[in-house]
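Structure, as structure tokens:
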Amino acid sequence: MSERTNILVKYNILYIFMAVFGFFVIGKIIYFQFFYDKDKIKEAIKSTRVYSTIEPTRGDIYSFDGKLLATSVAYFEAGIDPNCDAITQKIFDENIDSLSLCLSELFSKKSQSQFKQEIIQARDTGLRYYRFSFNIKYSDFKKMQNFPLLRKGRIQGGFVYQKTYKREKPFGELSRRTIGTEPGGGRKGVGLEQAFDKELRGVEGYAIKEKIPGNMWMPVEDENYIEPQDGYDLITTIDIGLQDVAETALEKQLIKHAAEYGTVVVMEVKTGKVRAIANLFLHPEGFYYEKTNFAVGHSSDPGSTFKLASIIVALEDGYITPNDLIETGNGITHYYGKKMEDSKKGGYGTITVQKAFEVSSNVGISKIIDKEYRHQPGKFIAGLQRLHLHEPLGVVIRGEPTPVIHSPGKTGWSGLSLTQISIGYELQITPLQILALYNAIANNGVLLRPIFAEALSYRGEIIKTFEPEIIDSQICSQETIDIVKKMMEGVVRDGTAKNIKSEDFKIAGKTGTAQMQYGKDSTHVSYHASFVGYFPAEDPEYSIIVSIYKPKRAGFY
């Protein structure tokens, strides 16, 4: 065979091979395009590259004066891939002793020899991950980044770690329930963490991770990378100084009276900003702790603090003046065979409306309402509704119930209802809802929605401020407001609250004591004692409600 013929044969063989290979490739393309299972293709792609979310950092929560109330603290779980491709036996042997020493100094629960033995065993058995520890603080994690082997990073040194965030409250239990907990892990979340979750949470970012040898995933920064946006910071209305005083004072009284639970709220009169809110519950082990936000979410019979509403309605309808006389007799009266009595044995006799309010006479107040509204009870209920006492306040913290005030002809109404409601029974209303009424009187008739947030900020810049929210600009006439202000000042000056009279400033308010099983057949009657008012009376700055439930000693008034 000539050389030319030999060359042609070789070219023909190569041509045939290239043609067959080309047909094979085209066939495969056609097969994958039209006949191969598309799901398998997608799955193959997924197995090498995946979208991964990047969690943003949750915003911090501050008091109105800049104290940190809640923050996200970074913690790490960290370990090593002892069979990382870049770690040769020589590199491993040169670094294992010093790495083990560093680990034992940082994590004292294990000795150098224990760490060394366990890491060698992990390498010998082919493990791709040996965990040093979890819940590692950021400061300790930074130290680990300079340890032998680990300082080379994930690819060259096998350093594997995962960052997580934990919510921490620097002030511990202080205002814990109001700050609340964020939603997640199957829980709904409570308090301000839940109410402002969207703003605090931020926006997730996205990145593509690519599978690399060793069954590990490495972030790939390309055009698909989306950086996360951290959450906004929330500046609350809470004043840490007032909060501390409020919780301390409440706990002191709960201990003194061996009470089951209690709440206190301090609100700024002209803005509705809640400066302090404490809710303490007796733990079975004998200490008090924050369990439930009673102020916002717990409704009950308010008792005598509700008498303010009864007096306002009667004044607005023109049925009484403060100097009108009421015959309370020996302090006992009956309605439909049901006895009602005053706390003072022997009664108060004939007294003025002003005096009946100051001494909190059940007989006096109920007689006023019974006389004027017995044949028109709907008018009395309509008067209470003008004060918005049948409506929830609509606060941002979840769990506020709708008040229960029965109406004539509806379920729950009886012949006793008119007189019972007049003195604060047959009602379901929260401490915060009662406080809002008193705050409106202090604020010359402007009913405000209690607010818990001052502003949202992002990296130190104010993004949004929260202004006072007016529910009603005038709940009653100025004449009525002026009258009931003097009546409440009389309660502290000469009535049931004279024990809190101050020489430094004038206080106005009303006491209340309610039997929690009132009207029911029970041999274990418990009480709900409260005070609600404001100060200084001449130019009110703060309104306050204190409620103590089920006291067992040292009196319940």
Side-chain angles (χ1 to χ4, degrees), residues 63-65 237-250 252-253 263-278 295 304-309 311-312 315 322 354-355 357-360 387 431-452 454 468 470-512 529-548:
S63 66
F64 93 103
D65 53 350
T237 60
I238 299 298
D239 181 320
I240 282 296
L242 288 180
Q243 181 71 30
D244 189 26
V245 170
E247 288 198 19
T248 302
L250 177 62
K252 180 180 177 181
Q253 291 302 315
T263 184
V264 57
V265 184
V266 181
M267 189 158 70
E268 203 169 74
V269 168
K270 293 178 175 60
T271 64
K273 294 176 180 179
V274 175
R275 293 304 186 192
I277 177 170
S304 295
T305 55
F306 196 79
K307 290 172 181 173
L308 173 66
I311 291 295
I312 291 173
L315 284 168
Q354 169 87 28
K355 191 65 176 179
F357 187 80
E358 289 177 356
V359 299
S360 199
L387 301 176
L432 191 61
Q433 289 161 355
I434 283 288
L435 177 61
L437 171 65
Y438 280 75
N439 193 84
I441 298 302
N443 201 23
N444 289 316
V446 181
L447 178 64
L448 296 171
R449 179 173 291 112
I451 58 175
F452 297 83
E454 294 268 2
I470 298 174
I471 297 173
D472 191 333
S473 59
Q474 197 68 42
I475 62 170
C476 62
S477 67
Q478 189 62 48
E479 181 182 3
T480 293
I481 290 169
D482 293 339
I483 290 171
V484 295
K485 278 185 173 182
K486 291 178 181 177
M487 293 176 79
M488 285 192 283
E489 290 173 25
V491 170
V492 179
R493 183 183 61 248
D494 303 311
T496 54
K498 59 186 177 183
N499 62 311
I500 66 167
K501 183 167 62 174
S502 172
E503 298 299 325
D504 299 317
F505 44 78
K506 191 183 292 185
I507 303 170
K510 182 74 183 72
T511 58
S530 60
F531 175 83
V532 56
Y534 53 85
F535 72 95
E538 302 90 340
D539 185 18
E541 185 174 353
Y542 296 111
S543 61
I544 300 177
I545 188 167
V546 182
S547 292
I548 293 180

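Treat the numbers as computed from the prediction; the structure is a model and nothing was measured.
- Atom CZ of R493 is separated from atom NZ of K501 by 8.0 Å, given to the nearest 0.5 angstrom.
- A distance-only check finds a donor-acceptor pair linking the side chain of D472 to the backbone of Q474 [under 3.5 Å].
- For the side chain to side chain contact (heavy atoms under 4.5 Å, CB included) with T305, the qualifying choice from P431, S547, S530 is S530, the only one to do so.
- Taking the six-membered ring for Trp and thresholds of 30 and 60 degrees, F535 and F505 have nearly parallel ring planes, at less than 30 degrees apart.
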Please walk me through it: do M488 and I441 pass side-chain contact (heavy atoms from CB on, under 4.5 Å)?
CA-CA 10 Å; M488 285 192 283; I441 298 302; 3.6 Å; yes
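- The CD atom of E268 sits 9.0 Å away from the CD1 atom of I451 when rounded to the nearest 0.5 Å.
- Using a distance-only test at 3.5 Å, with no hydrogens or angles considered, no donor-acceptor pair links the side chain of R449 to the main chain of P468.
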Start with the C-alpha gap between I238 and I277, add the side-chain angles, then the distance that decides, and say whether side-chain contact (heavy atoms from CB on, under 4.5 Å) holds.
CA-CA 8 Å; I238 299 298; I277 177 170; 4.1 Å; yes
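- Results of the side chain to side chain contact (heavy atoms under 4.5 Å, CB included) test with Y534 over M267, E541, K485 single out K485 as the only residue that passes.
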For I500 and F531, run side-chain contact (heavy atoms from CB on, under 4.5 Å): C-alpha distance rounded to whole Å, both residues' side-chain angles, the deciding distance at 0.1 Å, then the answer.
CA-CA 10 Å; I500 66 167; F531 175 83; 3.6 Å; yes
Check against salt bridge (Lys or Arg N to Asp or Glu O under 4.0 Å), K270 and D539
CA-CA 10 Å; K270 293 178 175 60; D539 185 18; 3.2 Å; yes
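- L437 CG to L447 CG: the interatomic distance, rounded to the nearest 0.5 Å, is 8.0 Å.
- Atom CD of E479 has 12 or fewer heavy atoms from other residues, nucleotides or ligands within 6.0 Å.
- Distance check: L432 CG to N439 CG gives 9.5 Å after rounding to the nearest 0.5 Å.
- Cation-pi contact between K510 and F357: present, with separation from the ring centre below 6.0 Å and deviation from the ring axis of at most 45°.
- We find the CG-CZ distance between D239 and F64 to be 4.5 Å, quoted to the nearest 0.5 Å.
- Remark: side-chain polar atoms of T263 are paired, donor with acceptor, to backbone N or O of A278 under 3.5 angstrom.
- With no hydrogens or angles considered, a side-chain donor-acceptor pair links S304 and S360 at under 3.5 Å.
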Applying side-chain contact (heavy atoms from CB on, under 4.5 Å) to T237 and R275, what does each step give before you reach the verdict?
CA-CA 6 Å; T237 60; R275 293 304 186 192; 3.9 Å; yes
